[in-house]
Amino acid sequence: MTTASPPAVVHVTAEQGGTTAGEVLRAAGVKDSAVARIGGELRDLAHVVAEGDAVEAVPYASEDGRNVLRHSAAHVLAQAVQDLFPGTRLGIGPPVKDGFYYDFLPERPFTPEDMAAVEKRMSDIVRQRQRFSRRVVEEDAAREELADEPFKLELIGLKGGSSDEDGSSVEVGGAELTIYDNLTGDELVWKDLCRGPHLPTTRDIPAFKLMRTAAAYWRGDQKNPMLQRIYGTAWESKDALKAHLTMLEEAEKRDHRRLGSELDLFSFPDEIGSGLAVFHPKGGVIRMAMEEYSRRRHVEEGYDFVATPHITKGQLFETSGHLQWYAEGMYPPMQLDAEGDKPGQDYYLKPMNCPMHNLVFRSRGRSYRELPLRLFEFGTVYRYEKSGVVHGLTRARGFTQDDAHIYCTREQMKDELASLLSFVLGLLRDYGLTDFYLELSTKDPVKYVGDDETWEEATRTLEEVAQESGLELVPDPGGAAFYGPKISVQARDAIGRTWQMSTIQLDFNLPERFELEYQAADGSRQRPVMIHRALFGSIERFFAVLLEHYAGAFPAWLAPVQVVGIPVHSDYDGYLLDIGKRLQAEGIRVEVDTSDDRMQKKIRSAQKSKVPFTLIAGEEDISKGAVSFRYRDGTQENGVPVDEAVAKVVQAVRDRT
RNA sequence: GCCGGAUUAGCUCAGUGGUAGAGCAACGCACUUGUAAUGCGUAGGUCGUCGGUUCAACCCCGACAUCCGGCUCCA
């Protein structure tokens, strides 16, 4: 959805000096330009140009073009809100992915009815073709003009210190302080402190829609007051808006929480607690299939399997540093064995497996001959996620990591990382994800342990490996764990959303804290490097990603029920039950629908449960020793001999298609 | 944790200050011959929990729990 042809660049002639960017582009026949780029800066089309300026068109459908039209839509939103609710104070209103928002401090929270009214008022403003007019102001004058807007005054004080992070740069991020006036004819109807640029008029906003109200802290800081945020979406055309809304509907239909209950896969009983899932038989069997394949691949890749407890004395996490850094993310301790004045022991649910694996490593002397030593387990961990962040299976409080820790020498580290990365990508591909990019998370300047030199070496090694993979690499400054930098694999799903999947973390610090050692060939004692890695992240989360990726229609090898047999009439139940037995003997998960329903209803039920294969049999098939083989997409092959049908199913499952 | 919204049958949802309804699912009976819903019937809810207001609360108020949308957070 980006520009089809490269954007036009027009050089301003002598005669054109002193006219506007818009006029120059129009003279050159360019129609599709939201704003103009001159000297690398985005400018209003009303910007006065000089001879020799290179004026580049910025199409509506480009990233910059969309940002501008969305930001203009945010101004329209703010004007509409202040028209309808005059006492409302303004926060900020930047463009965001797929849309825009504006933060307000209203006299009372907005209601859904308010939203309808605001949206209608916005349409009026758009229809009025109000001009966005830029005006440079002195700081003192601005303070006077915006005396009623406390948040804007704060931003003026911030000028120069604004950042993209909290969105404040859209207001005061430029070299000059500017106000945008909305003019109907020459009449000033509204104004806002704003860096710009903007579309020429409100009428140039092609398509918008308000999405939801929410709340947000002023400038993103928990200590600041809570503002009411209104989210909207805006696009370069009505069709693009419609496509976006359709995508959202599709995403909602695929929501794993919804599919989880529709397909009877899992639930979150209140009685157990927030963020703690139970898997039902159909979800359980998918999970089992996922685990079985993963285990097999880990065996093939030379991993050793370990198992460790769910709880431990607190000392272990003192040693690892987790209690120092992440105590609030852990379930509070159980105190055991206290007697009178004698303090007892604090036991914690483990939020991570690594300290336990370190103890396995340390359980006896290790030789360099054993390295790389790769310890794997499906380790269930518990993290006390804050109440507002729990979200289905993707952000749970109890989950099972496909966790492994690799202990190796510094010399082995790079090769190990490279082969690990290809193992990761191969495994993800086997599960049906194919579109990836990598993210390199580097040191948080505050939350970290260890010396800078070690961090640098670790970061450099990860970066080299990432680059050699040939995948796109995106930096994530400050995103590392406290003990070391990481690469994470981001996967795009069937509808283009990205999910953080696997993480590979390099760690020079925990081996230090746990005093891990191996004996080298020369007899000296050396410290191993540790690599933390999870390929699924957590089984629950990966389950959710696959569920959404496939929209519930799992490939045959993962499908909870792989085949449903449907007799045309109950007289043929026996024939299909026999076929069912043959399939079952081949390890296929098969059900024969012998209910009282009619055949049409049974086909509908099978279809709704997203079973990959349906075998239908009636008189015609039986006389030939065959079945009708129906695929999930509704296509079908009639008169398939039973042997062949069984073989087809077995092969589809074995090939993981 | 913060702001806002929500919580009625297994699911999706109606509904009223005078102790509740539909569709689907479930169960029963009858029906059943070729590719997305056969018909009839039955059963199912202390209306999230606990307090309060009231002659009377599913409905109004409060607390708590859980969920949803955001914010903040995510070892």
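In what follows, chains are A, B, ... by sequence order, proteins preceding strands, each numbered from 1. This one's a predicted model, so the numbers in the text were calculated from it and none came from an experiment.
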Discussion item. Once you apply a heavy-atom cut-off of 4.0 Å, does Glu262(A) come out as touching a base, just sugar-phosphate, or nothing?
Written reply: nothing

Worksheet item: In whole Å, what separates the P atom of rA25(B) from that of rG39(B)?
Response: 10 Å

Discussion item. I'd like the C1' distance from rC71(B) over to rC13(B), given in whole Å.
Written reply: 30 Å

Response to the item:
Winner on side-chain proximity to Ile603(A), out of rG70(B), rA75(B), rA36(B), is rA36(B)

Discussion item. Counting only side-chain heavy atoms from C-beta out, which of rU32(B), rG69(B), rU35(B) sits nearest to His569(A)?
Written reply: rU32(B)

Worksheet item: Does the rG34(B) base have a donor-acceptor partner in the side chain of Asp621(A) within less than 3.5 Å?
Response: yes

Worksheet item: Looking for any heavy atom pair under 4.0 Å, which part of the strands does Phe110(A) touch: base, sugar-phosphate only, or nothing?
Response: nothing

Practice prompt. Could you measure between the two P atoms, the one in rA14(B) and the one in rU8(B), and give it in whole Å?
Written response: 10 Å

Discussion item. When the P atoms of rU38(B) and rC67(B) are compared, how many Å lie between them, rounded to an integer?
Written reply: 37 Å

Worksheet entry | C1'-based separation of rA36(B) from rG21(B) [nearest Å] | 29 Å

Fill in: Heavy-atom donor-acceptor pair, Ser628(A) side-chain to rU35(B) base, under 3.5 Å
yes

Worksheet item: What is the pairing partner of rC24(B), taking Watson-Crick or G-U wobble pairs with both distances under 3.5 Å in any strand?
Response: rG10(B)

Worksheet item: With sugar-phosphate meaning primed atoms plus P, OP1 and OP2, does Tyr326(A) contact a base, only sugar-phosphate, or nothing at under 4.0 Å between heavy atoms?
Response: base

Item to complete: Answer with yes or no whether Arg383(A) presents, from its side chain, a donor or acceptor under 3.5 Å of a partner atom in the base of rC73(B).
Response: no

Worksheet item: Reckon Ser274(A) touches a base, only the sugar-phosphate, or nothing at all at heavy-atom distances under 4.0 Å?
Response: sugar-phosphate

Item to complete: Mind checking Met226(A) for me? I need base, sugar-phosphate or nothing, with any heavy atom below 4.0 Å counting as a touch.
Response: base

Discussion item. Under 4.0 Å, counting only non-hydrogen atoms across every strand here, what does Asp571(A) touch: a base, just sugar-phosphate, or nothing?
Written reply: base

Discussion item. Should the side chain of Tyr217(A) and the base of rG70(B) be counted as holding a donor-acceptor pair, with the cut-off at 3.5 Å?
Written reply: no

Discussion item. Less than 3.5 Å apart, any donor N or O on the side chain of Thr459(A) or Thr442(A) sitting next to an acceptor on the other?
Written reply: no

Discussion item. Regarding rU38(B), can its base be found pairing with the side chain of Lys601(A) as donor and acceptor, where the two atoms are less than 3.5 Å apart?
Written reply: no

Fill in: Thr213(A) side chain near rG4(B) phosphate (N/O to OP1/OP2, under 4.0 Å)
no

Worksheet entry | Separation between the C1' atoms of rG23(B) and rA65(B), rounded to whole Å | 30 Å

Fill in: Closest-nucleotide 5' rank along RNA chain B - winner of Asn638(A) and Arg395(A)
Asn638(A)

Fill in: Side chains of Trp218(A) and Asp103(A), donor plus acceptor under 3.5 Å
no

Worksheet item: What is the nucleic acid contact for Gln600(A), judged by heavy atoms within less than 4.0 Å: base, sugar-phosphate only, or nothing?
Response: sugar-phosphate

Discussion item. Classify Arg212(A) by what it touches in the nucleic acid, base, sugar-phosphate, or nothing, heavy-atom distance under 4.0 Å.
Written reply: sugar-phosphate

Practice prompt. Please state whether the base of rC3(B) and the side chain of Arg229(A) form at least one donor-acceptor pair under 3.5 Å?
Written response: no

Discussion item. With rounding to the closest Å, how many angstrom separate the C1' atoms on rU49(B) and rA6(B)?
Written reply: 16 Å

Item to complete: Classify the side-chain pair Asp621(A)/Ser628(A) by whether it contains a donor and acceptor separated by less than 3.5 Å.
Response: yes

Item to complete: Describe the nucleic acid contact of Gly639(A) in one word from base, sugar-phosphate, nothing, applying a heavy-atom distance below 4.0 Å.
Response: nothing

Discussion item. Taking Gln500(A)'s backbone N and O only, do any of them form a donor-acceptor pair with Arg541(A)'s side chain (distance below 3.5 Å, no angle check)?
Written reply: yes

Discussion item. Between rU72(B) and rA9(B), how many Å separate the two P atoms, rounded to a whole number?
Written reply: 35 Å

Worksheet item: Do Arg374(A) and Tyr407(A) meet the cation-pi criteria used here (NZ or CZ under 6.0 Å from the six-membered ring centre, within 45° of the axis)?
Response: no

Worksheet item: Should Arg533(A) and Thr503(A) be marked as a side-chain contact (heavy atoms from CB on, under 4.5 Å) after you check the CA-CA gap, both sets of side-chain angles, and the distance that decides it?
Response: CA-CA 6 Å; Arg533(A) 40 112 291 176; Thr503(A) 58; over 6 Å; no

Worksheet, complete the sentence: Whichever of Glu620(A) and Asp255(A) has the more 5' nearest nucleotide on RNA chain B, that residue is Glu620(A)

Worksheet item: So, is Arg257(A) close to the rG69(B) phosphate, meaning a side-chain N or O under 4.0 Å from OP1 or OP2?
Response: yes

Practice prompt. Give Tyr231(A) one of three labels, base, sugar-phosphate or nothing, depending on what nucleic acid heavy atoms sit under 4.0 Å from its own.
Written response: sugar-phosphate

Worksheet item: Does rG70(B) have OP1 or OP2 sitting under 4.0 Å from an N or O in the side chain of His391(A)?
Response: no

Discussion item. Would the base of rG10(B) count as contacting Ser261(A) through its side chain, where contact means a donor and an acceptor less than 3.5 Å apart?
Written reply: no

Discussion item. Are more than 12 heavy atoms, taken from residues, nucleotides or ligands other than Lys313(A), located less than 6.0 Å from that residue's NZ atom?
Written reply: no

Worksheet entry | Sugar-phosphate only, base, or nothing, as touched by His532(A) at under 4.0 Å among non-hydrogen atoms | nothing

